[in-house]
Amino acid sequence: MERNNSRAEELLRGLKAGASPGLLEEALLLPDEDFLMFHNEAREVCLCEKGKAVQLRAIIEFSNCCRRQCCYCGLRSENRQLTRFRMEKSEIAATALEAAQAGYKTVILQSAEDPWYTAEKLAEIVEAVAALGVVVTLSVGERKAEDYRVWKEAGATRYLLKHETSDPGLFRALHPCGTLDKRLDCLRELRSLGYEVGSGFMIGLPGQTPVSIANDILLLGELGCEMAGIGPFVPSPDTPLKDAREGSPELTRRAIALTRILYPRMALPATTALSVIAPEVRNAVFDAGADVIMKTVTPNRFRQYYAIYPAPGVGTTVIASDRLKLEGMIRSLDRIPI
Ligand code: SAM
């Protein structure tokens with residue numbers, strides 16, 4: 001026990017001096033009692049860099065029509081069980097207005113990979129939402145560099161596109177429709193266009209190893225990400241991975257803590273996937289480095305169809321009162337919602 005503790009201290013010092021896959025892998029696999037000092041360190045780093053603030057961000061999921069076949073995702077094109085929807089510009093803008101009036105300063109426009117929204121169509125939507133005075137974040141998948149440029153000019157300032165896994169073989173196995181190289185090219189292109197870029201990855205993908213999670217964490221730094229969504233894999237019915245085991249909430253919390261220690265300024269959300277399988281751990285990640293939470297404000301009539309994975313409580317939303325409840329939850333953790 002004593003020996004492990006001193007090894008944990010050595011590891012923490014080593015990571016702060018310069019991370020490597022080996023050190024990260026060893027830290028990820030420490031016994032719980034030894035990892036505690038990493039959680040504490042992550043909390044301290046977060047408080048020191050960001051204070052007690054937790055950013056609340058609204059997410060509008062505006063289309064579930066997808067051209068891809070990601071093996072883990074309920075929106076994949078081969079899922080014929082899902083009712084598909086697309087929101088019109090006027091409804092997206094009205095929803096964004098309601099979110100802004102409720103106090104959200106950032107609106108994330110997310111969709112499945114849906115080319116029906118041409119560069120021009122989506123640019124008009126971005127303009128309408130940016131005109132409300134909110135920060136517009138896009139998350140619509142892999143597109144041409146020219147599309148990304150048009151949306152940047154229209155007023156989008158951030159872009160979320162997770163690399164999902166840094167293991168090229170695993171990426172290929174899970175994405176019959178793409179390669180890790182292509183995904184990384186998109187992320188680099190977004191950065192060179194001046195977007196604040198968010199990437200991220202899943203924990204517990206079938207075939208994933210601890211060293212690949214270590215590489216995921218390091219890749220965030222290599223890409224120069226400003227944000228990283230790290231969430232557990234949640235098995236989704238009507239997908240090839242429906243019978244796979246879900247990702248470990250504790251391993252997710254560890255990955256978030258290590259990411260915070262390595263990248264003190266990065267925005268790290270407590271992900272929705274984590275709240276689906278372990279709401280108590282979702283709250284505990286705020287004590288281990290997380291400083292952002294995203295809240296869906298998608299209109300009620302569409303929400304159940306944005307079924308990436310089964311999410312309990314997809315009930316009726318009232319944007320303003322939901323935000324008040326979320327603020328209360330954040331305050332109950334001794335943090336300040338902004
Ligand atoms: N089309 C955009 C994209 O690909 O970035 C955004 C939509 S995509 C559905 C949003 C995220 O959902 C993905 O980045 C992926 O990490 C996550 N996701 C999909 N299926 C999941 C699952 N079964 N468990 C956990 N997260 C999942």
Side-chain angles (χ1 to χ4, degrees), residues 59-79 82 84-86 108-117 122 137-143 147-148 151 156 158-166 170-171 174-180 182-184 186-187 189-190 195 197-208 213 216 219-220 223 225 227-249 251-252 255 269-278 282 294 296 298 302-303 305-311:
I59 176 162
I60 304 174
E61 298 143 333
F62 65 88
S63 163
N64 71 352
C65 301
C66 200
R67 65 176 166 189
R68 298 184 72 105
Q69 295 135 41
C70 309
C71 292
Y72 44 80
C73 185
L75 307 188
R76 68 200 305 270
S77 57
E78 280 173 13
N79 180 4
L82 189 65
R84 304 282 171 170
F85 73 91
R86 289 187 176 112
I108 301 154
L109 300 176
Q110 187 179 84
S111 72
E113 214 168 285
D114 184 0
W116 185 85
Y117 293 88
L122 192 50
T137 303
L138 277 177
S139 174
V140 301
E142 292 180 14
R143 296 282 291 242
D147 295 7
Y148 292 150
W151 300 331
R158 299 188 188 131
Y159 202 101
L160 306 182
L161 178 65
K162 296 189 196 175
H163 66 258
E164 314 293 2
T165 171
S166 58
L170 185 55
F171 191 101
L174 295 174
H175 303 95
C177 44
T179 64
L180 180 60
K182 173 81 197 316
R183 178 68 50 116
L184 299 183
C186 287
L187 284 161
E189 185 62 45
L190 287 160
Y195 281 95
V197 173
S199 185
F201 52 93
M202 278 178 270
I203 299 284
L205 289 166
Q208 187 183 49
I213 297 175
D216 284 323
L219 183 55
L220 299 173
L223 291 168
C225 294
M227 174 162 170
I230 302 170
F233 158 69
V234 184
S236 188
D238 306 311
T239 67
L241 299 183
K242 64 181 189 312
D243 296 322
R245 284 181 58 185
E246 66 188 22
S248 152
L251 194 55
T252 306
T271 49
T272 312
L274 193 52
S275 70
V276 168
I277 60 170
R282 197 277 304 265
M294 297 177 190
T296 176
T298 305
F302 299 125
R303 288 185 67 193
Y305 303 124
Y306 200 78
I308 300 175
Y309 39 68

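A quick note: this is a predicted structure, and the numbers were derived from the prediction, not measured. Order of appearance sets the numbers: ligands from 1, and atoms from 1 within every ligand. Reckoned from all heavy atoms, side chains included, excluding hydrogens, waters and symmetry mates.
Set against the non-hydrogen atoms of Lys162, the atoms of ligand 1 under 4.0 Å away are 14 (O), 16 (O). Near Leu161, with a cut-off below 4.0 Å to any heavy atom, the atoms of ligand 1 are 5 (O). Of all atoms in ligand 1, listed by their number and element, those nearer than 4.0 Å to a heavy atom of Cys73 are 9 (C), 19 (C), 20 (N).
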**Item:** Candidate pair Glu142 and Arg68, rule salt bridge (Lys or Arg N to Asp or Glu O under 4.0 Å), full reasoning
**Value:** CA-CA 10 Å; Glu142 292 180 14; Arg68 298 184 72 105; 3.3 Å; yes

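Shortest contact from atom 19 (C) of ligand 1 to any protein heavy atom: Ile308 CG2, 3.0 Å. Counting only heavy atoms of the protein, atom 10 (C) of ligand 1 lies nearest to Gln110 NE2, 3.9 Å. Looking only at protein heavy atoms, the nearest one to atom 4 (O) of ligand 1 is Gly141 CA, 4.2 Å. In terms of protein heavy atoms, atom 26 (N) of ligand 1 is closest to Met202 SD, 3.5 Å. Nearest non-hydrogen protein atom to atom 13 (C) of ligand 1 is Glu164 OE2, 3.2 Å.
For the pair Thr239 and Arg76, the minimum side-chain heavy-atom distance is below 4.5 Å.
When ring centroids are compared, Tyr72 and Tyr309 stay outside the 6.0 Å threshold. Taking the six-membered ring where the residue is Trp, the centroids of Tyr159 and Tyr148 are separated by under 6.0 Å.
Checking side-chain atoms of Thr271 against main-chain N and O of Ile230 turns up a donor-acceptor pair under 3.5 Å. Using a distance-only test at 3.5 Å, with no hydrogens or angles considered, a donor-acceptor pair links the side chain of Asp216 to the main chain of Ser166.
Under the 4.0 Å distance rule, the nearest protein heavy atom to atom 2 (C) of ligand 1 falls inside the cut-off. In this structure, atom 8 (S) of ligand 1 is not in close contact with the protein, since no protein heavy atom lies within 4.0 Å of it.
Only the side chain of Tyr306 comes within contact range of ligand 1, with a heavy atom under 4.0 Å; no backbone atom does. By the criterion of a heavy-atom distance under 4.0 Å, neither the backbone nor the side chain of Glu142 is placed next to ligand 1. At a 4.0 Å heavy-atom cut-off, ligand 1 does not touch Arg68 at all. Residue Tyr309 touches ligand 1 through its side chain alone, judged by heavy-atom distances below 4.0 Å.
When every heavy atom of Glu164 is checked against every heavy atom of Leu205, the shortest pair comes out as O-CD1, 3.7 Å.
Remark: Arg86 engages Asp114 in a salt bridge, criterion side-chain N to carboxylate O under 4.0 Å.
Between Tyr306 and Gln110, the side chains place a donor N or O and an acceptor N or O closer than 3.5 Å (distance only, hydrogens not considered). Side chains of Thr296 and Glu61: a donor on one and an acceptor on the other come within 3.5 Å.
Ligand 1 has a nitrogen or oxygen under 3.5 angstrom from a nitrogen or oxygen of Ser111. Close N/O approach between Val234 and ligand 1 is found [any backbone or side-chain N/O within under 3.5 Å].
Screening Ile108, Leu160, Leu109, Asp147 for a side-chain contact (heavy atoms from CB on, under 4.5 Å) involving Leu138 leaves a single residue, Leu109.
Contact analysis puts Pro232 in contact with ligand 1, with a non-hydrogen atom separation below 4.0 angstrom. Residue-ligand proximity: Gly231 is placed with every non-hydrogen atom at 4.0 Å or more from ligand 1.
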